[in-house]
Amino acid sequence: MILRLVWENIRFRPMRTLLSVLLIGVPVMLILTLVGVSHGFMDDSKRRAEGVGADIFVWPPGRSFSNGAGAAPMPEGSVQFLIRQPHVTQATGVVTALAGKMFWDSITGIDYPAFKRMSGGFVFVEGADGDVFRQPGEVVVDTTFAEEQKVHRGGKVKLLNRYWTVAAVVESGKLSHAFVNKPELQEINDARGHVSQVYLKLDSPANLATSLDALKHVPELEDYGIYSTKQVVDMTSPDSVPAVGVFVRVIIGIGVFTGLIVVSLSMYMAVLQRTREIGILKSLGATKTFVMSLILWEAAVMGLGGTMVGIALSFASKAVLGKFLAASMPQAIVVDWWPIVFGIALGSALLGALYPGMLAVRQDPIEALAYE
Amino acid sequence: MSSSSVSDPGAIIRVRELRKVYNTGKVSVEALRGVNLDVPKGEFLSIVGPSGSGKSTLFHIVGGLTPPTSGEVVVGGVDVGKVNDAKRTELRRTSVSFVFQKFNLLPNLTARDNIRTALYIAGRRMDHFESELRNILELLGIEGRLEQRPNEMSGGEQQRVAIARALATGPAILLADEPTGNLDSANSLAVLNLLRDLNQRLGQTILMITHNTEAAAFGHRTVHMRDGRIVENQ
């Protein structure tokens with residue numbers, strides 16, 4: 001019967017209910033979008049790391065997953081040095097440069113023949129293998145980049161303060177969203193003869209552990225980061241980037257605070273609007289617990305509604321980001337977070353309803369019945 | 001006539017030297033100044049008096065909506081002046097029901113759900129309430145209006161639903177506060193006849209407050225109040 005009363009209360013004031021649910025839904029959507037973007041970005045990075053086809057990643061000293069993308073401190077001679085190591089059959093060095101404000105907005109300079117051997121080559125959507133880097137000033141972009149920048153083969157794209165001609169559009173999932181010829185990027189980056197990192201291919205995956213161990217003990221590679229692809233992929237999680245974790249927590253805090261204020265205001269209004277009804281219930285002998293449970297159940301229903309609306313809105317934000325910022329802000333739908341945001345919405349709704357609930361409980365029945 | 005001071009051992013309501021003072025800031029208002037009253041079980045008692053005479057305050061105290069400042073008010077064996085708020089709430093849930101001038105139905109619920117709410121709060125079974133309450137619903141003539149919300153009913157119909165809700169829990173005492181105050185003369189007459197029928201057929205104890213001496217005449221006895229005192233007991 002309590003739920004029926006709650007449902008009828010909610011139905012009886014549809015506009016207030018709708019606004020409250022929407023206002024709870026917005027912070028829920030913000031949290032889910034942010035978590036989705038961080039996971040989406042990491043998932044995209046993992047896929048592209050695996051797409052290189054390498055067994056071992058060699059990073060220069062001080063480089064981590066979340067920094068150093070724009071630097072090229074490794075001498076190019078290290079590629080030749082590494083290929084001479086036991087079990088290493090292929091080695092290729094790449095140069096990365098920041099193309100935007102965020103560390104993940106980067107373009108990569110590759111030695112195309114070597115990269116092709118290691119990764120198996122691009123899957124061409126527009127253009128063909130023979131079109132890659134025939135002339136200076138050419139860039140190969142993946143489909144995600146092409147959709148976000150709305151470019152096609154033969155089109156122009158501005159990167160690093162210069163215009164590049166799109167030589168080909170390829171399937172996404174190999175190392176980067178945009179590729180240029182390595183020497184060109186070294187020139188622009190003022191890093192002639194240097195690379196940002198080196199990828200190694202072994203003669204057999206069975207030799208991975210041995211090779212990793214051996215490489216870590218090479219004196220010339222002291223302080224270098226030497227990781228298997230799996231280790232790099234495992235590092236690619238939102239938790240591995242401290243700033244992302246802090247950012248998510250800040251947004252969650254804002255979400256909880258907003259939800260709390262919204263529900264509190266909404267329930268305060270509801271209690272005021274229903275002063276007379278609360279008086280009627282009290283005249284019928286309703287206990288304080290009964291009145292409080294009505295208010296809390298109503299808040300809980302709004303928390304649930306807000307969560308559902310927030311989840312629906314997160315699909316909308318994914319669609320919008322996918323349309324306009326697919327490369328730099330890929331958003332995943334993280335179902336694991338649905339119960340968490342429900343907990344956050346419910347908790348803030350119940351907390352926000354406590355004070356209005358206390359007001360309702362304390363209301364004098366005679367004054368409440370006289371309320372117009 | 002003075003206040004009734006003769007103790008009635010069969011009284012379902014017994015009021016002795018009842019005083020109520022409202023403190024509003026620096027001003028104290030004495031709403032009841034020593035009221036004595038006995039209401040035997042099954043009586044239909046009318047209380048009349050002008051505004052400010054204290055009749056509503058008496059009604060609220062007998063109904064357990066507010067405690068007295070001093071004196072004894074025993075309702076169905078419970079001294080409402082000596083019990084806490086939870087016990088007074090229990091009294092409203094189990095022994096006393098109200099019918100108000102403004103009907104006071106829950107506006108978002110149908111007539112059926114208004115009645116079911118009262119039953120639920122009283123902890124009564126709700127599944128077959130219509131068959132159990134058939135007599136009352138027939139007497140009130142509202143069987144066909146159970147799915148209507150208050151704004152879909154006339155004032156007379158709303159008051160009948162309010163009476164049905166009040167009687168559904170089987171209260172020992174029905175307290176009616178100006179039950180015809182918002183009704184036209186035809187509906188007023190119908191409601192008053194209804195209250196008298198309920199009293200005669202079911203033996204329902206009724207305490208009715210009214211301005212109207214004609215309405216008061218439907219009761220067995222009329223008590224007149226003025227300035228917080230009972231001044232006449234007919």
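By convention in this document, chain letters (A, B, ...) are assigned in the order of the sequence lines, proteins followed by strands, and residues within each chain are numbered from 1. Side-chain atoms are counted along with the backbone in the values below, which use heavy atoms only and exclude waters and symmetry mates.
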Supply the atom-to-atom distance A:D364 CG to B:L65 CG, rounded to the nearest 0.5 angstrom.
-> 8.5 Å
Under a 4.5 Å heavy-atom cut-off, does chain A meet the side chain of B:S97, its backbone, both or neither?
-> neither
Spatial distance of atom OG1 (B:T89) from atom CZ (A:F290) [nearest 0.5 Å] = 12.5 Å
Neighbour count >12 (heavy atoms, 6.0 Å) for atom CE, A:M308 | no
Enter the distance from A:E8:CD to B:T110:OG1 here, rounded to the nearest 0.5 Å.
-> 7.5 Å
So which of A:A286, A:P365, A:G279 has the largest heavy-atom pair count under 4.5 angstrom toward chain B?
-> A:A286
A:F257 atom CZ, neighbour heavy-atom count above 12 within 6.0 Å | no
At a heavy-atom separation under 4.5 Å, does B:L109 approach chain A through its side chain, its backbone, both, or neither?
-> side chain
Would you find more than 12 non-hydrogen atoms of other residues, nucleotides or ligands less than 6.0 Å from A:F342 atom CZ?
-> yes
Which atoms of B:P171 come close to chain A, meaning under 4.5 Å heavy atom to heavy atom: side chain ones, backbone ones, both, or neither?
-> neither
Taking the side chain as every heavy atom from C-beta outward, state whether A:E277 and B:N108 have any atom pair closer than 4.5 Å.
-> yes
A:R13, part contacting chain B, at a heavy-atom distance under 4.5 Å | neither
Side chain, backbone, both or neither: which part of B:L105 has an atom under 4.5 Å from a heavy atom of chain A?
-> backbone
Flag if over 12 foreign heavy atoms under 6.0 Å of CZ, A:R4 = no
Output for pair (A:S283 OG, B:L175 CG), nearest 0.5 Å, gives 10.5 Å
Locate the shortest heavy-atom distance separating A:L284 from B:A118; write the atom from each residue and the value.
-> CD2-CB, 4.1 Å
Donor-acceptor pair, B:R92 side chain versus A:K282 backbone, under 3.5 Å?
-> yes
Could you tell me whether B:R226 atom CZ has more than 12 heavy atoms of other residues or ligands within 6.0 Å of it?
-> no
Considering only heavy atoms from C-beta outward, does the side chain of A:L369 approach that of B:F98 to under 4.5 Å?
-> no
For residues B:R93 and A:T287, determine if any side-chain heavy atom of one lies less than 4.5 Å from a side-chain heavy atom of the other.
-> yes
Side-chain contact, heavy-atom cut-off 4.5 Å: B:R165 with A:I280?
-> yes
Side chain to side chain, A:L5 and B:D113, heavy atoms closer than 4.5 Å = no
Among B:G63, B:P107, B:A86, B:A122, residue most engaged with chain A (heavy-atom pairs, under 4.5 Å) = B:P107
